[in-house]
Novice: 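Please find one structure pasted underneath; my questions will follow.
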Amino acid sequence: MLDVNYIRGHADLVKEGMKNKGEKNIDQVDELLKTDRQWRSLVQKTDELRNESNTKAKEIGQLMGQGKKEEAQEIIEHTSKLKEQIKDLEEDLNNLKEKRDELLLRIPNVPHESVPVGQTEDDNEVFKTWGDPATDDWRKPHWDLAEEQGWIDFDRGSKVTGAGFPFYLGPIAKLQRALINYFINKATENGYTEIQAPYFINEDSARGTGQIPDKEDMMYVIPRDELFAIPTAEVPVTNFHRDEIIDPDNLPIYYVAYTPCWRREAGSYGKDVRGLNRLHQFDKVELVKMVHPDTAFDELETLREYAESLLEELDLPYRTLLMCTGDMGFTQSKKYDLEVWSPGQQRWLEVSSCSNFGSFQARRMQLRYRNENGNTEILHTLNGSGLALPRVVAAILEAYQQEDGSIAVPEVLQPFMDSQKLG
RNA sequence: GGAGAGAUGGCUGAGCGGUCGAAAGCGCUCCCCUGCUAAGGGAGUAUACCCUUUAACAGGGUAUCGAGGGUUCGAAUCCCUCUCUCUCCGCCA
């Protein structure tokens with residue numbers, strides 16, 4: 001959520017940002033400002049009446065204390081009318097406030113000036129390419145490899161749960177465990193605090209990070225207990241400090257969390273969902289940062305570089321995209337995507353998304369710090385995958401397959417696998 | 001799941017219908033005194049929003065004593081609902 005004060009002063013910038021993000025209801029800004037004006041004038045009126053009522057109530061208290069009951073009674077008659085007026089006004093006030101907040105929640109974050117303006121994924125900027133994407137065509141796609149060996153069982157996953165919930169067996173299960181360990185160890189060596197988070201979240205948390213109201217269809221719901229299965233560790237971990245005021249000495253805060261992630265992925269089809277490309281449940285190691293506003297964009301660069309270093313150490317060719325305004329989503333002000341090269345499929349697969357949300361998430365969740373002057377200020381939040389497992393597994397299977405049909409284990413994972421070969 | 005107790009400011013903890021945004025203590029900040037690793041004195045010390053005003057400060061008002069609703073001229077105090085915490089029993093990795 002944006003700062004209303006900011007919108008009041010920069011309505012044009014907000015509208016332009018919405019237009020660039022491909023939002024349709026740009027009129028909402030004007031509607032918001034109108035509602036905000038109405039709300040404020042009513043606040044003023046209501047506060048005045050409340051003031052009068054409070055003053056009279058105190059007088060009554062004093063008169064009662066002095067035993068002047070009759071004088072008190074006169075004032076009581078007057079103030080009981082006041083009370084009704086206040087009640088009416090409060091009802092309007094609540095309605096306006098609700099409408100204002102509702103509109104405010106539906107206005108997206110403004111893209112940073114360094115973000116390229118564009119409409120679709122074709123307008124994303126290739127920020128960087130690393131390694132040599134192998135275009136020789138003898139390599140098999142990972143689903144052939146894994147099913148030949150009986151390492152991933154999609155069919156039994158479908159039987160037991162449904163499509164997109166595979167079983168991983170033997171060497172692949174171990175490989176995933178190795179990746180998780182490698183990712184978490186590396187992150188903690190780089191200053192991140194390891195944190196294990198709940199896998200279900202309540203509605204307030206979903207609203208805090210912006211899954212509600214924008215993206216609620218992406219989540220699995222547990223209606224009986226009014227909970228959601230987490231679509232990413234970002235949600236519980238960022239909400240960890242919700243409604244808190246952080247001591248500036250403790251900034252910046254870095255967390256690394258491994259969790260499964262659940263996403264409904266409604267509307268996906270075809271090659272996008274083949275094999276491990278897109279699942280309803282997958283494992284991910286997530287990085288979350290809470291930082292001083294002045295450092296947020298520098299922190300985004302170090303976050304990106306850190307995520308990139310993981311792919312480099314795994315020796316997997318990748319490219320980094322700077323997402324254009326139209327492709328980056330509701331809550332972000334700037335976002336990079338890291339895509340690993342899948343030689344068996346001859347295509348890029350997204351394995352990390354590093355975003356700066358500015359104060360957008362933190363304002364929703366009242367996540368603040370105390371600045372140099374002792375005043376409270378909204379923190380800035382960032383997060384990035386480091387990394388999402390299944391597509392990394394897919395890339396490893398494909399890129400590390402040898403001519404003799406065996407699959408090598410990336411060097412950095414060998415200590416965790418006690419082996420140089422899979423299987 | 002059953003029975004009971006509770007939720008107050010950074011912390012401890014009073015208040016149980018009026019002068020309470022809230023005693024006291026601790027902690028923290030500033031000042032004074034004193035002077036050697038201590039003690040004493042004073043002042044300040046929640047958050048959000050609205051208005052006025054400012055370069056910044058500041059001032060006025062409103063709301064908030066777990067959350068929401070109710071009673072009342074007036075609620076931290078009374079009533080209802082919910083959430084959470086603790087104790088005991090049951091169940092369980």
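Every value quoted in this text rests on a predicted model; they were computed, and no experiment measured them. Quick note on labels: first sequence line is chain A, next is B, and so on, each numbered from 1.
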Novice: Kindly state whether the ring of A:H380 and the ring of A:F297 have centres lying under 6.0 angstrom apart.
Specialist: no

Novice: Do A:F228 and A:Y220 have ring centroids that are under 6.0 Å from one another?
Specialist: no

Novice: Would you say B:G74 has OP1 or OP2 under 4.0 Å from some side-chain N or O of A:N54?
Specialist: no

Novice: Do A:F167 and A:F154 have ring centroids that are under 6.0 Å from one another?
Specialist: no

Novice: Any donor and acceptor pair, going by atom type alone, linking the side chain of A:K289 with main-chain N or O of A:E299 inside 3.5 Å?
Specialist: yes

Novice: How long is the line joining NZ of A:K56 and P of B:U19, in whole Å?
Specialist: 17 Å

Novice: Reckon A:T376 touches a base, only the sugar-phosphate, or nothing at all at heavy-atom distances under 4.0 Å?
Specialist: sugar-phosphate

Novice: According to a strict under-4.0 Å criterion, is A:R368 in side-chain N/O contact with OP1 or OP2 of B:U47?
Specialist: no

Novice: Return the nucleotide paired to B:A23: Watson-Crick means purine N1 to pyrimidine N3 with N6-O4 or O6-N4, wobble means G-U with N1-O2 and O6-N3, both under 3.5 Å.
Specialist: none

Novice: Which base sits across from B:G68 as a Watson-Crick or G-U pair, both distances under 3.5 Å?
Specialist: B:C80

Novice: Which nucleotide, if any, forms a Watson-Crick or G-U wobble pair with B:C86, using both distances under 3.5 Å?
Specialist: B:G4

Novice: Ignoring backbone atoms, test whether A:R370 places a side-chain nitrogen or oxygen under 4.0 Å from the OP1 or OP2 oxygen of B:U47.
Specialist: yes

Novice: Give the nucleotide from the list B:U47, B:G70, B:C73 with an atom nearest to the side chain of A:K87.
Specialist: B:G70

Novice: May I ask you to check whether A:Y336 and A:F127 place their ring centres under 6.0 Å from each other?
Specialist: yes

Novice: Is B:A93 paired to anything, Watson-Crick or G-U wobble with both distances less than 3.5 Å, and if yes, which nucleotide?
Specialist: none

Novice: Using the C1' atom on both, measure B:A22 against B:G41 and round to a whole Å.
Specialist: 26 Å

Novice: Measure from the side chain of A:D47, starting at C-beta and using heavy atoms only, and say which of B:C57, B:G61, B:C73 lies closest.
Specialist: B:G61

Novice: Describe the nucleic acid contact of A:Q44 in one word from base, sugar-phosphate, nothing, applying a heavy-atom distance below 4.0 Å.
Specialist: sugar-phosphate

Novice: Whole Å only: how far is the CG atom of A:L63 from the C1' atom of B:U19?
Specialist: 12 Å

Novice: Does B:U62 have its OP1 or OP2 closer than 4.0 Å to a side-chain nitrogen or oxygen of A:N51?
Specialist: yes

Novice: For B:G9, which nucleotide in any strand shown is its Watson-Crick or wobble partner with both distances under 3.5 Å?
Specialist: none

Novice: Look at all strands and tell whether A:K97 reaches a base, only sugar-phosphate, or nothing, counting heavy atoms closer than 4.0 Å.
Specialist: nothing

Novice: Say you pick atom C1' in B:G69 and the same atom in B:U64; how far apart are they, in whole Å?
Specialist: 16 Å

Novice: Has A:R40 got a side-chain N or O lying under 4.0 Å from the OP1 or OP2 atom of B:C49?
Specialist: no

Novice: For the pair made of CH2 in A:W39 and P in B:A63, what is the distance, rounded to whole Å?
Specialist: 14 Å

Novice: Say we look at B:A14 and B:A24: how far apart would their P atoms be, to the nearest angstrom?
Specialist: 15 Å

Novice: Okay, side chain of A:K174, backbone of A:M417: is any donor-acceptor separation there less than 3.5 Å?
Specialist: yes

Novice: Choose from B:U47, B:C50, B:C73 the nucleotide whose nearest atom is closest to any side-chain atom of A:I245.
Specialist: B:U47

Novice: Rounding to an integer number of Å, can you tell me how far A:E70 CD sits from B:C73 C1'?
Specialist: 17 Å

Novice: Checking base pairs now: Watson-Crick or wobble, both atom distances under 3.5 Å. What partners B:U62?
Specialist: B:A48

Novice: Using a 4.0 Å heavy-atom cut-off, does A:I60 contact any base of the nucleic acid, only the sugar-phosphate backbone, or nothing at all?
Specialist: base

Novice: Taking atom P in both B:A56 and B:A63, what distance in whole Å separates the two?
Specialist: 28 Å

Novice: In whole Å, measure the gap between the C1' atoms of B:U8 and B:C84 for me.
Specialist: 16 Å

Novice: How do A:E48 and A:G61 order along RNA chain B: which one's closest nucleotide is nearer the 5' end?
Specialist: A:G61

Novice: Quiz question: by atom type and distance under 3.5 Å, do the side chains of A:K215 and A:T331 form a donor-acceptor pair?
Specialist: no

Novice: Scan every strand shown for a Watson-Crick or G-U wobble partner of B:G18, both distances under 3.5 Å, and answer none if you come up empty.
Specialist: B:C73

Novice: Watson-Crick or G-U wobble partner for B:G40, using a 3.5 Å limit on both distances?
Specialist: B:C32

Novice: Suppose you measure atom C1' in B:A58 against the same atom in B:C65; what distance do you get, rounded to whole Å?
Specialist: 28 Å

Novice: For the P atoms, the ones on B:C11 and on B:U47, what distance do you get once it is rounded to whole angstrom?
Specialist: 13 Å

Novice: Atom CD1 of A:I86 and atom C1' of B:G61: how far apart are they, to the nearest Å?
Specialist: 13 Å

Novice: Using the C1' atoms only, state how far B:G74 lies from B:U85, rounded to an integer number of Å.
Specialist: 32 Å

Novice: Of the candidate nucleotides B:A48, B:C50, B:G74, which contains the atom at the shortest distance from the side chain of A:Q366?
Specialist: B:A48

Novice: Indicate whether the side chain of A:R274 and that of A:N277 have a donor and an acceptor atom separated by less than 3.5 Å.
Specialist: no

Novice: Would you indicate what A:R8 reaches in the nucleic acid, counting non-hydrogen atoms under 4.0 angstrom: base, sugar-phosphate, or nothing?
Specialist: sugar-phosphate

Novice: If you assign each of A:D36 and A:T79 to its closest nucleotide in RNA chain B, which residue comes earlier from the 5' end?
Specialist: A:D36

